[in-house]
Protein chains: 2
Amino acid sequence: MNIQEFAATLGLSVSTVSKALNGREDVSPATRQRVLKAAEQHSFSPDPTARRLRRQSSDTVAFVISSPQLSFAHPFFLDMLVGVNDAMDAGGYQVIIASARSVETELDVFKRLISKQRIDGLLFGRTRRHDERIAYLLEHDVPFVTFGRSQTSDDYPYVDIDRFVVGRAGCARFITLGHRRIALIHTPEYLMLSHFEHEGYKEALHAAGIAYDETLCVEAAMAEEDGARAARRLLELPDPPTAIVCGHDFIAMGAMRAIAETGRTPGLDVGVIGADNHPFGSYVQPALTTFSADTQHAGKRMAEMLLERLSGKSSRELQEVWLPQLIVRASDGPHRSGM
Amino acid sequence: MNIQEFAATLGLSVSTVSKALNGREDVSPATRQRVLKAAEQHSFSPDPTARRLRRQSSDTVAFVISSPQLSFAHPFFLDMLVGVNDAMDAGGYQVIIASARSVETELDVFKRLISKQRIDGLLFGRTRRHDERIAYLLEHDVPFVTFGRSQTSDDYPYVDIDRFVVGRAGCARFITLGHRRIALIHTPEYLMLSHFEHEGYKEALHAAGIAYDETLCVEAAMAEEDGARAARRLLELPDPPTAIVCGHDFIAMGAMRAIAETGRTPGLDVGVIGADNHPFGSYVQPALTTFSADTQHAGKRMAEMLLERLSGKSSRELQEVWLPQLIVRASDGPHRSGM
DNA sequence: ATATTGACCGAAATCGATTTCGGTCCATCC
DNA sequence: GGATGGACCGAAATCGATTTCGGTCAATAT
């Protein structure tokens, strides 16, 4: 049933029906009611494709899933997606997903999305210090919202969780517990969040008057195995750390395993703090102290922001940095030869 | 740039350009090459919306995420989605996602998707013994592929992982280890997989000549807390089980916790086997014995099947039941007073 | 030399909506 | 009673493609 047939059953012209359906002027309240009611009864709704063609808008935004091989590192990613979808749905948009196999081909995915799919907006995360995706989108004037900031620009909308606080508060917690030799295993350098972790960590050391030792800072991908490897390097140092701040819970779990392998007890001989409150955290031994991250809510907020952006709001008004909360469990044990 | 302008730059008519672009007859190879090359250069591609309107196909399928609150129970769901998306993308389709907040409103989501969104096909999981979604889709002749079977019909395409084998092989494993009093915590009754778990379990008992005791079969949602609760009930029995087969790894982890709470040692005093090979499994103490489930691959296969279905292949040719493999770790310890 | 064939091209209809713009009709005012 | 205005409606253009169908032109056959 198309609008023509539908109009015919009502004895009205298509234009009147369309106007009634779209809440335009020029239709008497009585007629409008009649049309709305009939549409309900015959379960008629205008063909979205035709409407999109005429309106010249795709009513579609894309959610880009990067590096799928690491997706399990982000267990709430799906919830984030659901949050995004619900908010978009409410706004009359549909969400399509796009996946980028690797960092190299990622920009191509974006280009293809823009040029061939005609989408109205984009959502993505894992922002990088120098992020060519952001540069590209800004240049081509495509609305988007990211999960995370970037040094490439500060003139776009984002939701971010403050990793500076993770680095600083994590390190400060260990200082309070009497540690002096505190290491940092941060996420990969090219990611923006890595930068913040590093800076926050330095800040805490500085505030406590502890000299920064760059041999205590190593990088690891957000995976258990990589975390373990990085921790092993730290523990083999002549003067190994008594505490390790980790940029992600998986890194922290790997670190705990590496610590146990050397005969030391995680959370007792060597303290560990993670980040992102991965559900695993409360199952491992000792339970992992970490920082909260409401990814689910972030997704919803990102979608809302994109909606606002699409209706003309400026980027600068759409930037939020959320404060993570320390979740104290058991892995950040006191320094043994404490003060 | 639309096809009209593009055709003008080439000095050709729009129809010729369209034919060249779509690989139709009636265009000389030379002309076709010229068009293709120019399209590449000017990065012209036909507007998908207009094309869809004309072709009367949405080129869109929906992936339904049910009960998002439980999504973490399925950590590979996102990989499944990525698998689906990649296969669909290769076939020229876009994947939109839809989420159903609750079981009650789920059918409405489906109805809305069909009547208002004009999608070409659907993908979903968590099939139920009596599944009105399947009945509805069959009745309305909408192509779809599910993850899981149903008693509602057997005339539709699906990928399933054989839970009968989970129930039987899990139970049989414990029998081999000398257990005689083996319990089953199955997934919620209304889910189809629950039925198979139960039947497989019974089959193993029967084969070993052990009487079926229904007090040893309890239900639990796919969550740690529910698993713990169910296990507590079993352990409080006058003659408690010495082994528990669980329908899901989360249930198994909860069961292990409940066992430990009673002072018993999981995997020693009471054996536990899970299902679905959740990554948590190798981290918990003792490491969980479970069954494999390649959800990622399943997603890809489901998408391929939907593509085949859309191009006319019959449902009966598109039904696959995959065999899960037992992954032996430590939680299925031998019966203490074993033989 | 003419008819026939086949390759190739282009005008126009079509998909299903939205929107502009002009027209009808009734009520009101002078 | 006729002019004016406002409320309401409908014909037709439009969005950007695809596809049908008829037409042109050169090559070939007779």
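In what follows, chains are A, B, ... by sequence order, proteins preceding strands, each numbered from 1.
- Between B:Leu53 and A:Ala50, the shortest heavy-atom distance links the atoms CD1-CB, 3.8 Å.
- Checked against the 6.0 Å centroid threshold, A:Tyr136 and A:Phe110 do not count as a close aromatic pair.
- Taking 4.0 Å as the cutoff to heavy atoms of chain A, we find the contact window on DNA chain C bounded by C:dG16 to C:dT19.
- A salt bridge links A:Asp154 and A:Arg316; the closest N-O separation between the charged side-chain nitrogens and carboxylate oxygens is under 4.0 Å.
- Going from atom CD of A:Glu308 over to atom OG of A:Ser315 covers 11.5 Å, rounded to the nearest 0.5 Å.
- Shown for residues 9-24 of chain A: residues whose heavy atoms fall under 4.0 angstrom of DNA chain D, namely A:Leu12, A:Ser13, A:Ser15, A:Thr16, A:Lys19.
- In terms of position on DNA chain D, the residue among A:Ser28 and B:Asn2 whose nearest nucleotide sits closer to the 5' end is A:Ser28.
- Under the ring pair (Phe, Tyr, Trp, His ring centres under 6.0 Å) criterion, B:Phe147 pairs with no residue, sequence neighbours left out.
- Looking at heavy-atom distances under 4.0 Å, B:Thr49 makes no contact with the nucleic acid at all.
- Of the charged side-chain nitrogens involved, at least one lies within less than 4.0 Å of a carboxylate oxygen, so that B:Arg112 and A:Asp89 count as a salt-bridged pair.
- A salt bridge is absent between A:Glu106 and A:Lys111; no separation between the charged side-chain nitrogens and carboxylate oxygens falls under 4.0 Å.
- Within 4.0 Å (heavy atoms only), B:Asp47 reaches sugar-phosphate atoms of the nucleic acid but no base atom.
- Distance check, rounded to the nearest 0.5 Å: OG1 of B:Thr187 to CE of B:Met222 gives 5.0 Å.
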